[in-house]
Protein chains: 2
Amino acid sequence: MAERKRPKPGETREKLMNAALTLVGKGRHFASLGIREVTRQAGVVPTSFYRHFRNMDDLGLQLVDELGLVLRRMMREARANVLQADKLIDESVGIFISHARNNRSFFMFMAQGLAGESRAVQEGIRSEMRYFASELANDLRRLKLADHLSDADLDMTCDLVVRSVAFSLTDILVISPEDEYQEGQVRKRTARFLQLIFVGAAHWNSRPE
Amino acid sequence: MAERKRPKPGETREKLMNAALTLVGKGRHFASLGIREVTRQAGVVPTSFYRHFRNMDDLGLQLVDELGLVLRRMMREARANVLQADKLIDESVGIFISHARNNRSFFMFMAQGLAGESRAVQEGIRSEMRYFASELANDLRRLKLADHLSDADLDMTCDLVVRSVAFSLTDILVISPEDEYQEGQVRKRTARFLQLIFVGAAHWNSRPE
DNA sequence: CACATTAGTGAACACTTGTACACATCAGTA
DNA sequence: TACTGATGTGTACAAGTGTTCACTAATGTG
């Protein structure tokens with residue numbers, strides 16, 4: 001009687017992960033979420049939590065995995081849409097920001113996790129960033145856009161690029177999602193950061209200290 | 001009888017702030033700390049908390065203020081010790097990293113707060129960073145090290161520098177404090193990031209697209 | 001000295017929390 | 001068809017939570 005008709009498998013699991021994301025999206029910090037709170041938000045009884053996760057850290061880890069998918073999707077879109085090399089930066093930043101807007105909670109979770117409580121989540125996110133940076137380096141190599149740089153220097157450059165963009169998250173996520181003016185400002189500033197870095201990269205070997 | 005001899009004023013306040021920092025230093029996230037937990041760590045009865053702080057956010061805000069002092073002290077030391085322009089980056093990064101080592105909990109709090117739960121703390125830390133960046137810009141102007149850059153471009157450059165260094169916090173704070181090798185790696189990488197940025201700044205106007 | 005203020009204490013409150021247990025339902029398989 | 005494992009539910013409990021209250025001792029000021 002109190003039993004509703006059986007949901008498809010994994011549905012509750014997803015509900016729980018979405019619930020955690022929703023709470024994060026509302027401004028809560030992941031580290032301060034409790035099991036009961038999440039299950040409440042998911043509309044599920046507390047005990048169900050343990051059917052899918054050991055504890056909150058475990059849930060966090062699985063969120064990192066999903067975050068990886070989101071990032072890969074973004075990368076794919078960027079590769080498909082960034083055609084002319086001269087618009088590379090602006091387009092990429094645009095795609096990043098629109099993804100951050102459309103997956104606000106996910107990116108909030110990412111920003112939080114970088115200095116979060118769970119070492120494992122922290123490492124997971126850092127690892128995603130490393131992967132992202134190495135893919136970026138590959139793309140630039142393929143496009144012959146950085147032929148004068150050694151592999152190590154190109155890696156470093158891409159690392160710095162990814163970090164700068166990631167830091168912009170803290171800019172985007174504090175402004176309200178509707179504030180298009182501020183969003184434009186962040187977009188412009190981020191793009192200029194990247195331009196500055198690439199100018200540096202372009203002259204790197206000619207003045208390597 | 002249960003009353004110990006009266007401590008000097010503000011002592012408990014300090015004990016509470018230190019207790020929070022200690023817990024953060026042990027790996028806890030500030031957002032997950034509770035009033036009782038902090039008072040317990042401070043060796044003080046829970047009610048005492050309210051004599052000094054409204055709630056945990058309030059304590060966080062006051063920690064930001066202290067963080068500001070730490071940063072200013074660091075800045076002063078950097079200004080006093082960085083003599084030759086050619087060693088500017090390496091020396092500054094060194095000073096930063098040694099401060100991060102000696103005030104680990106403080107800098108952990110800073111890294112956490114950037115994407116923390118309290119909007120006010122977040123804004124406080126961002127404001128400290130802006131101040132830091134503007135002071136850096138002033139120093140560079142004074143040293144005539146960036147004469148070819150417009151004020152806005154110099155500000156942007158310093159902003160990027162400060163962000164990059166701040167991001168390095170997440171590198172330093174995950175490695176154990178005794179691991180000197182890894183610390184050296186972070187130091188080297190951070191320094192190269194800054195070099196790359198300054199090379200970019202040096203060639204900025206000559207290729208501003 | 002008298003007195004208001006400040007900064008500490010302990011007891012009590014109504015909730016919330018994580019977790020354990022026993023039980024119910026469904027899906028797939030032998 | 002009967003069994004089994006996975007996934008859901010409800011109840012229960014001990015421990016921990018934020019906050020209020022009334023009380024006490026030391027401090028600074030008139």
Side-chain angles (χ1 to χ4, degrees), chain A residues 1-24 26-63 65-66 116-121, chain B residues 1-24 26-63 65-66 116-121:
Chain A
M1 175 22 169
E3 300 276 339
R4 342 200 162 165
K5 68 160 184 275
R6 166 146 277 229
K8 27 182 176 166
E11 187 178 336
T12 301
R13 197 187 96 106
E14 211 169 324
K15 270 201 279 188
L16 287 170
M17 296 177 73
N18 283 334
L21 276 185
T22 301
L23 290 170
V24 166
K26 282 186 186 160
R28 301 291 313 280
H29 195 290
F30 184 80
S32 76
L33 298 183
I35 290 178
R36 282 190 111 102
E37 198 180 2
V38 172
T39 55
R40 200 181 312 130
Q41 167 78 31
V44 159
V45 101
T47 352
S48 285
F49 184 91
Y50 297 99
R51 300 288 182 199
H52 304 277
F53 312 101
R54 249 202 251 278
N55 47 41
M56 283 301 291
D57 274 14
D58 188 17
L59 193 159
L61 273 180
Q62 307 208 27
L63 275 181
D65 291 344
E66 272 205 34
E117 189 160 80
S118 157
R119 206 49 88 88
V121 167
Chain B
M1 174 20 170
E3 302 276 336
R4 344 210 161 154
K5 69 159 182 276
R6 166 146 278 226
K8 26 180 181 176
E11 187 178 333
T12 301
R13 197 187 96 106
E14 211 169 326
K15 270 201 280 188
L16 287 170
M17 294 176 72
N18 284 334
L21 276 185
T22 303
L23 290 170
V24 167
K26 282 185 187 163
R28 299 291 312 280
H29 195 289
F30 184 80
S32 77
L33 298 182
I35 288 178
R36 283 189 115 101
E37 197 181 3
V38 172
T39 56
R40 198 182 312 130
Q41 167 78 31
V44 160
V45 100
T47 351
S48 285
F49 184 90
Y50 297 98
R51 299 289 182 199
H52 304 279
F53 312 101
R54 251 203 253 276
N55 47 43
M56 284 300 291
D57 273 14
D58 188 17
L59 193 158
L61 272 180
Q62 307 208 28
L63 276 180
D65 291 344
E66 273 207 32
E117 189 161 79
S118 156
R119 206 47 87 91
V121 167

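First the proteins, then the strands, lettered A, B, ... as listed; each starts at 1.
An OP1 or OP2 oxygen of D/dT20 is reached within less than 4.0 angstrom by no side-chain nitrogen or oxygen of B/T47. Regarding contacts with the backbone of C/dA20, every side-chain N or O of A/Y50 stays at 4.0 angstrom or more from both OP1 and OP2.
One can place CZ of B/F49 at 14 Å from P of C/dT9, the figure rounded to the nearest angstrom. Rounded to whole Å, atom P of C/dG18 lies 12 Å from atom CG of A/D57. Distance CZ (B/R54) to C1' (D/dG18): 16 Å, rounded to an integer number of Å. If you take CG of B/L33 and C1' of D/dT17, they are 14 Å apart, rounded to a whole angstrom. Taking atom CD of residue A/E11 and atom C1' of nucleotide C/dA27, one finds them 16 Å apart after rounding to whole Å. Taking atom CG of residue B/L16 and atom P of nucleotide C/dA7, one finds them 12 Å apart after rounding to whole Å.
Among the nucleotides C/dA7, D/dT9, C/dG10, the one closest to the side chain of B/H52 is C/dA7.
With hydrogens and angles ignored, the 3.5 Å screen pairs no side-chain donor or acceptor of B/R36 with any backbone N or O of B/R40.
Looking at every heavy atom in both residues, B/F30 comes nearest to B/M56 through CZ-O, 3.5 Å. Pairing each heavy atom of A/H52 with each of A/D58, the nearest pair is O-OD2, 4.2 Å.
Residues from residues 34-42 of chain A that place a heavy atom under 4.0 Å from any atom of DNA chain C, listed by number: A/G34, A/I35, A/R36, A/R40.
In terms of position on DNA chain C, the residue among A/M56 and B/R13 whose nearest nucleotide sits closer to the 5' end is B/R13.
With sequence neighbours left out, the ring-ring contact (aromatic ring centres under 6.0 Å, His included) criterion links B/H29 to A/H29.
Between B/F49 and B/L59 the shortest side-chain heavy-atom distance falls below 4.5 Å.
With rounding to the nearest 0.5 angstrom, the CZ atom of B/F53 is 10.5 Å from the CD1 atom of B/I35.
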